[in-house]
Amino acid sequence: FLKGERVSLRSLREADVDGPYLAWLNDADVCRGNSHHAFPYSREQALAYVRHAATTRDELILAVTLNEDWRHIGNVALTQINPLYRTAEFSILMGDSGEWGKGYALEAARLVFAHAFFSLNLTRIGCGTFHTNEGMIKLASALGMTQEGVRRRAAWKEDRHLDAVEFGILKEE
């Protein structure tokens, strides 16, 4: 669907559920910085999500694959797409921890941001993360996103309250 120098973004496939995808959502380390891993994630739930991704027009949910071998290493999404307000929320899950720190998330995010601003004609993208999610905070900064606020004690995870840090970027930025 969208191809970059080292990664491509494609639709999720039911076959992805039988790969490493399901294990990512049941891995505490992979999910430490997001709202997953609160309940066990089943194959049936994963299949339902993949089927939802194929039919929704309020969300754009894509697999991140490596161009060298087409291996699925994560997912990237625009959710809460509002064509009237021309806004969306961004999220990313880099599930293959062996590929962390190599710039794949930044490349995937740039591909989906360009698509959002120039194909979907959105004017604003926002995202939120826990204050402890250093990787996502670093990614938001690298994307040129502005920290817009903090929702104090917005989540309970790993036996403690976490603040949610909110970021946003405008098309002209």
Side-chain angles (χ1 to χ4, degrees), residues 1-56 58-81 88-113 115-116 125-143 145 154-160 162-165 167:
F1 181 67
L2 300 171
K3 186 171 183 179
E5 184 179 318
R6 299 181 309 148
V7 301
S8 291
L9 309 181
R10 63 157 170 82
S11 299
L12 285 174
R13 301 175 183 151
E14 288 189 21
D16 292 330
V17 173
D18 296 320
Y21 175 62
L22 187 60
W24 300 339
L25 296 170
N26 286 303
D27 184 316
D29 289 331
V30 170
C31 296
R32 182 157 283 113
N34 62 45
S35 61
H36 297 295
H37 202 261
F39 299 97
Y41 198 73
S42 71
R43 184 175 187 280
E44 292 74 27
Q45 288 170 305
L47 283 170
Y49 183 74
V50 169
R51 290 173 183 142
H52 164 78
T55 59
T56 183
D58 297 331
E59 301 176 309
L60 178 63
I61 304 162
L62 301 168
V64 179
T65 62
L66 294 178
N67 289 345
E68 65 186 38
D69 58 9
W70 304 110
R71 192 165 35 96
H72 182 199
I73 62 167
N75 293 342
V76 63
L78 293 173
T79 60
Q80 300 175 41
I81 297 171
E89 290 295 310
F90 167 73
S91 63
I92 190 164
L93 172 74
M94 297 305 291
D96 187 338
S97 59
E99 302 301 340
W100 290 356
K102 298 180 180 179
Y104 297 133
L106 180 59
E107 184 176 346
R110 285 181 173 156
L111 286 169
V112 83
F113 275 34
H115 181 71
I125 299 171
C127 76
T129 192
F130 300 139
H131 75 278
T132 55
N133 189 347
E134 294 174 18
M136 187 61 213
I137 292 170
K138 183 179 174 183
L139 177 61
S141 177
L143 290 166
M145 299 184 91
W156 178 261
K157 190 158 184 167
E158 298 178 347
D159 295 325
R160 64 184 171 144
L162 300 176
D163 294 346
V165 184
F167 295 92

Chemist: Would a 4.5 Å heavy-atom cut-off, applied to side chains only, mark His131 and Leu162 as touching?
Modeler: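 Yes - at least one pair of side-chain heavy atoms lies under 4.5 Å apart.
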
Chemist: Using side chain to side chain contact (heavy atoms under 4.5 Å, CB included) as the criterion, list what pairs up with Lys138, not counting sequence neighbours.
Modeler: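 Residues passing side chain to side chain contact (heavy atoms under 4.5 Å, CB included) with Lys138: none at all.
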
Chemist: Mind checking what makes side chain to side chain contact (heavy atoms under 4.5 Å, CB included) contact with Ser141, not counting sequence neighbours?
Modeler: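 Ser141 satisfies side chain to side chain contact (heavy atoms under 4.5 Å, CB included) with no other residue.
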
Chemist: I'd like to check Arg32 versus Asn133 (side-chain heavy atoms, cut-off strictly below 4.5 Å). Are they in contact?
Modeler: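 Result no, sub-4.5 Å side-chain heavy-atom pair not found.
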
Chemist: Side chains of Arg71 and Glu99, heavy atoms from C-beta outward: is any pair under 4.5 Å?
Modeler: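 Answer yes - side chains close enough.
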
Chemist: Would you mind reporting whether Tyr49 and Ile61 have side-chain heavy atoms less than 4.5 Å apart?
Modeler: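 Yes, close enough: below the 4.5 Å cut-off.
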
Chemist: Please round to the nearest 0.5 Å and tell me the distance separating atom CD1 of Ile73 and atom OG1 of Thr65.
Modeler: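 It comes to 8.0 Å.
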
Chemist: Would you call Asp16-Arg10 a salt bridge at under 4.0 Å N-O?
Modeler: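 Here Asp16 pairs with Arg10 in a salt bridge, since their nearest N and O are under 4.0 Å apart.
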
Chemist: If every non-hydrogen atom of Leu22 is compared with every non-hydrogen atom of Ala46, which pair is closest and at what distance?
Modeler: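 Minimum heavy-atom separation between Leu22 and Ala46: CD1-CB, 4.0 Å.
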
Chemist: According to salt bridge (Lys or Arg N to Asp or Glu O under 4.0 Å), who are the partners of Glu14, at least two apart in sequence or on a separate chain?
Modeler: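 For Glu14 the salt bridge (Lys or Arg N to Asp or Glu O under 4.0 Å) partners, ignoring immediate neighbours, are Arg51.
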
Chemist: Does CD belonging to Glu134 count more than 12 external heavy atoms closer than 6.0 Å?
Modeler: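 Count not over threshold, so no.
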
Chemist: Does any part of the side chain of Leu139, heavy atoms only, come nearer than 4.5 Å to the side chain of Met94, both counted from C-beta?
Modeler: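 Side chain of Met94 against side chain of Leu139, heavy atoms only: no contact under 4.5 Å found.
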
Chemist: Give a yes or no on whether the ring-centroid distance for Phe90 and Phe167 is below 6.0 angstrom.
Modeler: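 When the ring centroids of Phe90 and Phe167 are compared, they turn out to be at least 6.0 Å apart.
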
